[in-house]
Amino acid sequence: MFIEIKGLCFRYPKAPKAVIEDFSLTIEQGEVICILGESGGGKSTVLRLVAGLEVPSKGRIRINDITMVDESVFVQPEKRGVGMVFQDYALFPHMTVAENIRFGLNKMSNKEKDHRITQMLDLVSLGDYKKRYPYELSGGQQQRVAIARTLAPKPSLLLLDEPFSNLDAHLRGKIREEIKIILRQTNITVIFVTHDEEDAKSMADRVVILKEGKIIDIADPKLVC
């Protein structure tokens with residue numbers, strides 16, 4: 001297995017009860033996992049725990065045989081090799097598309113950075129948009145830039161928080177297919193969260209159904225209804 005999450009628990013300060021309770025899941029390399037559930041059910045909190053943006057009160061997370069967190073270990077987010085695309089994409093408005101992608105490429109030479117930017121622009125079919133600013137792009141294009149920026153440093157795991165929630169309804173299906181193709185081409189392991197069953201059915205290899213912080217089922221996406 002590539003990812004092992006075991007007995008994960010988390011409670012926000014002053015919250016009356018835990019947001020995540022005894023969450024356990026194993027994921028294979030290259031698998032696309034959807035966490036499906038209602039708003040407020042703990043989906044995004046799971047992503048934040050995996051990314052290292054929150055610290056669990058209990059449990060263990062291992063990625064590629066390395067313990068990221070348990071009762072005695074906590075690996076900082078920047079050292080986990082995890083990329084996360086937030087719901088609002090979080091692009092830098094004062095930077096062009098190319099500059100946004102370049103932002104996380106600190107350990108490369110300028111030549112390597114330029115090559116990687118070109119690779120990412122080709123991957124997301126935005127080669128003609130590298131000099132544009134986020135406000136000049138559609139929602140779907142902004143999303144592709146956010147994914148390109150996150151994939152550029154070659155993370156081992158990609159986390160997507162409600163990746164299609166900001167898109168117009170008539171564009172969702174088209175953009176889902178585009179993103180699905182991009183992710184399959186990279187063969188990266190993915191965890192994404194959504195409250196939309198169609199997102200789960202069209203994107204995931206397996207669907208984890210979460211309710212009030214607890215896994216109630218792990219299903220084939222074709223059987224989700």
Side-chain angles (χ1 to χ4, degrees), residues 2-3 27-34 47-48 50-53 61-66 68 75-167 171 174-193 203-205:
F2 181 66
I3 298 171
I27 303 172
E28 299 298 332
Q29 177 109 38
E31 198 172 11
V32 177
I33 296 295
C34 171
L47 293 191
R48 292 179 64 82
V50 173
L53 301 178
I61 300 173
R62 289 174 59 82
I63 300 176
N64 201 18
D65 292 328
I66 299 173
M68 298 296 158
V75 176
Q76 294 296 324
E78 64 273 16
K79 296 181 179 180
R80 294 193 180 198
V82 173
M84 186 166 177
V85 178
F86 294 93
Q87 190 172 347
D88 62 357
Y89 313 142
L91 297 176
F92 298 112
H94 62 290
M95 293 184 180
T96 64
V97 167
E99 289 167 344
N100 265 280
I101 297 172
R102 180 184 289 267
F103 181 77
L105 302 178
N106 300 322
K107 297 181 181 180
M108 297 182 182
S109 67
N110 286 332
K111 184 177 180 179
E112 289 172 328
K113 289 177 182 178
D114 290 340
H115 179 65
R116 187 61 176 162
I117 290 167
T118 299
Q119 282 184 322
M120 291 296 97
L121 289 171
D122 288 345
L123 178 67
V124 298
S125 301
L126 288 173
D128 294 334
Y129 293 79
K130 64 181 181 180
K131 294 184 179 180
R132 295 197 185 184
Y133 290 88
Y135 71 88
E136 299 177 296
L137 305 177
S138 68
Q141 289 167 339
Q142 289 183 38
Q143 184 190 53
R144 281 186 276 161
V145 174
I147 289 175
R149 182 181 66 182
T150 306
L151 290 176
K154 301 181 181 180
S156 60
L157 172 63
L158 178 64
L159 307 177
L160 303 174
D161 189 0
E162 296 278 5
F164 309 110
S165 63
N166 288 333
L167 300 177
L171 287 176
K174 177 178 181 292
I175 300 299
R176 274 196 301 249
E177 286 305 309
E178 291 178 355
I179 299 304
K180 183 178 180 179
I181 291 169
I182 291 168
L183 297 179
R184 297 303 184 191
Q185 286 177 333
T186 61
N187 195 38
I188 191 170
T189 307
V190 180
I191 305 174
F192 76 96
V193 305
M203 292 279 294
D205 295 314

message: If the test is side-chain contact (heavy atoms from CB on, under 4.5 Å), which one of L158, L151, L47 qualifies with V85?
response: L158

- request: Provide the closest heavy-atom pair for Q141 versus S138 in the form atom of the first, atom of the second, distance.
  value: OE1-N, 2.9 Å

query: Is the shortest heavy-atom distance from the side chain of I117 to the side chain of L105 under 4.5 Å?
result: yes

message: Using the rule given for side chain to side chain contact (heavy atoms under 4.5 Å, CB included), can you reason through R102 versus N110, listing the C-alpha separation, both sets of side-chain angles and the distance that settles it, and then say yes or no?
response: CA-CA 10 Å; R102 180 184 289 267; N110 286 332; 4.0 Å; yes

query: Taking side chain as C-beta onward, heavy atoms only, is Q143 less than 4.5 Å from I179?
result: yes

field: Minimum-distance pair of heavy atoms, taken over all atoms of P134 and M95
entry: CD-O, 3.2 Å

query: Can you check whether I175's main-chain N or O pairs, donor with acceptor, with R144's side chain at less than 3.5 Å?
result: no

- request: Please report the shortest heavy-atom distance between C34 and A204, naming the atom on each side.
  value: CB-CB, 3.6 Å

- prompt: Rounded to the nearest 0.5 Å, how far apart are CD of E178 and NZ of K174?
  reply: 3.5 Å

message: Donor-acceptor check, side chain of R132 to backbone of V97, threshold 3.5 angstrom: yes or no?
response: no

query: If you look at every heavy atom in F86 and R48, which pair is closest and at what distance?
result: CE2-NH1, 4.5 Å

field: Heavy-atom pair of closest approach, residues T96 and K131
entry: CG2-O, 3.5 Å

message: Are the side chains of S156 and T189 in contact, using a 4.5 Å heavy-atom criterion?
response: no

query: Heavy-atom distance under 4.5 Å between the side chains of Y89 and V145, does that happen here?
result: no

query: Should the pair F103 and F92 be assigned to parallel (<30°), tilted (30 to 60°) or perpendicular (>60°) ring geometry?
result: tilted

query: Run the side-chain hydrogen bond (donor to acceptor under 3.5 Å, both in side chains) check on Q119 and R116 step by step: do they pass?
result: CA-CA 5 Å; Q119 282 184 322; R116 187 61 176 162; 3.0 Å; yes

query: If you draw a 6.0 Å radius around NZ in K130, do more than 12 non-hydrogen atoms from other residues or ligands fall strictly inside?
result: no

- prompt: How long is the span from the CG atom in D122 to the CD atom in Q185, to the nearest 0.5 Å?
  reply: 10.5 Å

field: Shortest non-hydrogen contact between I63 and V82, atoms and distance
entry: CD1-CG2, 3.8 Å

- request: Go through L183 and M203 one step at a time and tell me if the side chain to side chain contact (heavy atoms under 4.5 Å, CB included) criterion holds.
  value: CA-CA 10 Å; L183 297 179; M203 292 279 294; 3.9 Å; yes

message: To the nearest 0.5 Å, what is the distance between CE on M84 and CG on L160?
response: 9.0 Å

- line: One should read off an interatomic distance between I66 CD1 and K79 NZ, to the nearest 0.5 angstrom, of 12.5 Å

query: Atom CD in E99, atom NE2 in H94: separation rounded to 0.5 Å?
result: 8.0 Å

query: Quick one: are V32 and K180 in side-chain contact, heavy atoms under 4.5 Å?
result: no

message: Do D88 and Q142 make a side-chain contact, defined as non-hydrogen atoms from C-beta onward lying under 4.5 Å apart?
response: no

- line: CD1 of I33 to CD1 of I3, rounded to nearest 0.5 Å, is 8.5 Å

